[in-house]
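These numbers come from the heavy atoms of this one structure, side chains and all, not from hydrogens, waters or symmetry mates. We number each residue from 1, following the sequence as shown.
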Amino acid sequence: MKRQILVLLLVLVSAFAKAQLGFCNGASSEAIFTETFGTGLSSGPELDPGQTTYTYVSGSVQDGEYTVSSNLRQLSSFHATADHTGDENGKALIVNASFDPGQFYQTTITGLCENTNYEFSAWIINLLDGANNVCTGREVPVQVRFEIWDITDTNRLAQGVMEPSFATTTPTWEKYGLTFTTAAGENGCILKMVNEAPGGCGNDLAIDDIQFRTCGDVVQIIDQADNTQRIRCDTNPVETISLSAATTQSVFDSPVYQWQSSRDAINFEDIAGATGAEITATLTETTFFRVKIAEDQVNLAGTECSNFSQTFEYLVQEVTDAVVINSQVTACTGESGTLQATAGPGTAIDWYTAPIDGTLIASDTNELVVNQPGLYYAQARNRSTNCLSPNRSAVEFSILPIPLLNQEDFIICPAEMIVLDTQFTDPGATYLWNTGETTPSIVVNTPERYSCTVTTVSGCSATTSFTVTESTAPEIIEVVEINDRLKVITNDGDFMFQFNDSAIQRSNTFDISGLLQVTIKITDLQGCTTVTTIFNRLGIPEFFTPNADGFNDGWCIENISAFPSTQIEIYDRYGKPLRVLTSDNSCWYGQLNNEPLPSADYWYRVFNEEQEFRGNFSLKR
């Protein structure tokens, strides 16, 4: 890991290879190397000897010191923020600049390719929180010069200096990049990082997500008509096509090529002899083409020293016939019928009046609503290519005097009234509910299964049913904390949970890592009833009596040792700071400068990296 950190920092420095910061203006490869500095709650690991003149510390970095940690707020004046990667407990390299400007980091990088353009990049944040105003009028900004030297440390290949970065009120990660080119026979370099400004108030930074990529030409493959994709319906004749590698953004001076093909767009193989900028092929099936491109022939052997064009797809499109859900559909007189058909992914359904030719009734829909009896035909069509299936599938629609009735299930709050409606109102129709009522709809408030039989004037009947269920009110039985996860045990039912201001969820568990207080809200799915409770992980007394009787003589915080980064600030009613409690000193005995304070209400602020909240307590004498 230590060596990886150095390599990634080199990637950042290399971004100055053209004497200024910038990124590859061509095609960047996938990251050849990425350093996120790992994850975990413990600090480290320490850099190897010779890599830095700074002193390693496990926390609270001062001028001329560094650490590797997931806690970016090493000092109270720093931003309380996460690493750039976004990993849980993700780490970053944290540096507090020395009082004297100068080089603070160096490492040797090997395994590079000769005659190859590279892009190095990294994310940097100024850790000083501008909202604190601790350095007003005397702030030293973050400013680093990145240098890349050859492996002999005699020729500087590239350098660049970042613009001064001053403190901001919100934590902001900025990406910096640099490009450079290795020489023939050169397979390594030396990275140096130089602090351009002195230490003091400010000049505190963190580095994360350093990456190393090759940089080459941006190449598109086009056919004779400048298309980047070619499609042939499978019913059309086999054809011969010519493809060209067209450079849209040039980085290489004299690029070399190797064409490749694939049947699945995943596994590509070299095409023997296809090393020019053009290729001609006769194709009978779907085939994918791409071109490997590099500055030097020796760099075409692998994938680390070259990059690829965009993929050209020659697609032979086959479309299977539409499949109807039901070949015969019926509906009651006066009602519409829904004809349904399905097709494969990316395929649309068109409806016609005849098996060949005929009138197009509807396009791009799996369902066709009709009210006239007869035969209807569904044909599959690929949406992107418009290739058609060879046959159309028939559906017959017939009208029958059968009533179509509404059917629904309801969940109601206690004592809530609900309307059950058959939604069938043909003149002369009769209704008979299992409750004895004879109207098209009824109003109920009792959980039960209801049914209704509807008969038309022609004597055709149908029965529908409605199930009414009463919502269960939530009850909190127990709140259990297990390994930084909070589990709420309730009575049986379907409930929604909200922890603090997080999104509403169905799960009854929540990650409370680092949190000291959690507000729990539970609501049934219908919103009928909500119950709320507060779970505290710290024991915070409401009062104490410093009268030396051996009971409640101190205002002592329980369980604070489980949260070593937690601090509790105590204030009087005027906001004057009185004491700061930590896991090493968790009690206050009501004194200031060894003098007892009077009986009164006092206020406190609890905070750590994850959470902050306030409250008050009473001192009684």
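- Side-chain contact annotation: N126 with D204, donor-acceptor N/O pair under 3.5 Å absent.
- Side-chain N or O atoms of D553 include one that pairs as donor or acceptor with a backbone N or O of A548 at under 3.5 Å.
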Go through V468 and Y450 one step at a time and tell me if the side chain to side chain contact (heavy atoms under 4.5 Å, CB included) criterion holds. CA-CA 8 Å; V468 179; Y450 299 86; 3.8 Å; yes

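- Atom-to-atom distance recorded for I489:CD1 and T509:OG1 is 11.5 Å, nearest 0.5 angstrom.
- Counted by atom type alone, D524 and S471 present one or more donor-acceptor pairs between their side chains at under 3.5 Å.
- A salt bridge links R537 with E481: the distance from a Lys NZ or Arg NE/NH1/NH2 to an Asp or Glu carboxylate oxygen falls below 4.0 Å.
- When all heavy atoms of D153 and I190 are compared, the closest pair comes out as CB-CD1, 3.6 Å.
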Pair F563-L538, side chain to side chain contact (heavy atoms under 4.5 Å, CB included): steps then yes or no: CA-CA 9 Å; F563 306 93; L538 297 179; 3.8 Å; yes

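- Checking T523 against T530 by side-chain atom types alone, a donor-acceptor pair falls below 3.5 Å.
- Listed for the R213 side chain is a donor-acceptor partner under 3.5 Å among the backbone atoms of S29.
- Remark: R506 CZ is packed, more than 12 non-hydrogen atoms of other residues, nucleotides or ligands lying under 6.0 Å away.
- One distance of note links SG of C189 with CG of L157; it measures 7.0 Å at 0.5 Å rounding.
- Side chain of D63 to main chain of S98: no donor-acceptor pair is present (N/O by atom type, distance under 3.5 Å, no hydrogens or angles).
- When only modelled atom types and interatomic distance are considered, Q591 and N593 share no side-chain donor-acceptor pair under 3.5 Å.
- Contact record, D572 with L578: N-CD1, 3.8 Å, taken as the closest heavy-atom pair.
- Taking a cutoff of 4.0 Å between a charged side-chain nitrogen and a carboxylate oxygen, R73 and E609 do not qualify as a salt bridge.
- For D208 (side chain) and H84 (main-chain N/O), a donor-acceptor pair under 3.5 Å exists by modelled atom type.
- Considering only heavy atoms from C-beta on, F180 comes within 4.5 Å of L112 through its side chain.
- Side-chain contact between Y571 and P577 is present, with at least one heavy-atom pair separated by less than 4.5 Å.
- Using the six-membered ring where Trp is involved, F497 and F499 have ring planes that are parallel, under 30° apart on the 30 and 60° scheme.
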Report the C-alpha separation of I125 and E174 in whole Å, then their side-chain angles, then the decisive distance to 0.1 Å, and conclude whether the side chain to side chain contact (heavy atoms under 4.5 Å, CB included) test is met. CA-CA 6 Å; I125 185 173; E174 296 287 348; over 6 Å; no

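- Within a 6.0 Å radius of CD in E448, more than 12 heavy atoms belonging to other residues, nucleotides or ligands are found.
- Heavy-atom minimum distance, W173 versus A206: CZ3-O, 3.7 Å.
- Although no hydrogens or angles enter the test, the distance criterion places a donor-acceptor pair under 3.5 Å between the side chain of K91 and the main chain of S42.
- Contact annotation: the side chain of N585 approaches that of R579 to within less than 4.5 Å [non-hydrogen atoms, C-beta and beyond].
- Residues V144 and N195 are not in side-chain contact: their nearest non-hydrogen atoms beyond the backbone lie 4.5 Å or more apart.
- In this structure a side-chain-to-backbone donor-acceptor pair under 3.5 Å is missing from T39 to N89.
- Expressed to the nearest 0.5 Å, how far CD1 of I412 lies from SG of C528 amounts to 8.5 Å.
- Counting heavy atoms from C-beta on, the side chains of K487 and F510 never come closer than 4.5 Å.
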Show your reasoning for whether ring pair (Phe, Tyr, Trp, His ring centres under 6.0 Å) applies to Y602 and W588. CA-CA 12 Å; Y602 292 84; W588 180 55; 5.6 Å; yes

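- We find the CZ-CZ distance between F544 and R621 to be 7.0 Å, quoted to the nearest 0.5 Å.
- Counting all heavy atoms, side chain and backbone alike, I568 lies closest to V606 at CG1-CG2, 3.9 Å.
- K620 forms a cation-pi arrangement with F543, by the criterion of a distance under 6.0 Å to the ring centre and an angle within 45° of the ring axis.
- Of all non-hydrogen atoms in N71 and Q74, the two that sit nearest each other are O-NE2, 2.7 Å.
- Counting only heavy atoms from C-beta outward, the side chains of T529 and P474 approach each other to under 4.5 Å.
- Not a single donor-acceptor pair under 3.5 Å links the side chain of Q498 to the backbone N or O of I520.
- With hydrogens and angles ignored, the 3.5 Å screen pairs a side-chain donor or acceptor of T582 with a backbone N or O of D584.
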Mind running side-chain hydrogen bond (donor to acceptor under 3.5 Å, both in side chains) on S618 and D601 for me, showing each step along the way? CA-CA 4 Å; S618 298; D601 284 344; 2.7 Å; yes

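- Considering all non-hydrogen atoms of both residues, P101 and A197 come closest at CG-C, 3.8 Å.
- Taking the six-membered ring for Trp and the full ring otherwise, the centers of Y54 and Y66 sit at least 6.0 Å from each other.
- Here CD1 of I32 is found 10.0 Å from CD of E30. Values are rounded to the nearest 0.5 Å.
- Checking side-chain atoms of Y56 against main-chain N and O of V68 turns up no donor-acceptor pair under 3.5 Å.
- Heavy atoms from other residues, nucleotides or ligands lying under 6.0 Å from NZ of K175 number more than 12.
- Between the side chain of D209 and the backbone N or O of T34 there is no donor-acceptor pair closer than 3.5 Å.
- Side-chain contact between F617 and I540: absent, with no pair of heavy atoms (C-beta onward) separated by less than 4.5 Å.
- Side-chain rings of Y604 and W555 approach one another, their centers coming within less than 6.0 Å.
- Between Q62 and N96, the side chains place no donor N or O within less than 3.5 Å of an acceptor N or O (distance only, hydrogens not considered).
- Under the 4.5 Å side-chain criterion, counting only non-hydrogen atoms from C-beta, V134 is in contact with L128.
- Between the side chains of T36 and T85, no donor-acceptor pair is found at a separation under 3.5 Å.
- With respect to the salt-bridge test (charged N to carboxylate O, under 4.0 angstrom), the residues R449 and D409 do not qualify.
- For the atom pair T52 OG1 and Q103 CD, the distance stands at 9.0 Å (nearest 0.5 Å).
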Run the side chain to side chain contact (heavy atoms under 4.5 Å, CB included) check on K576 and L592 step by step: do they pass? CA-CA 11 Å; K576 178 180 179 181; L592 179 62; 3.8 Å; yes

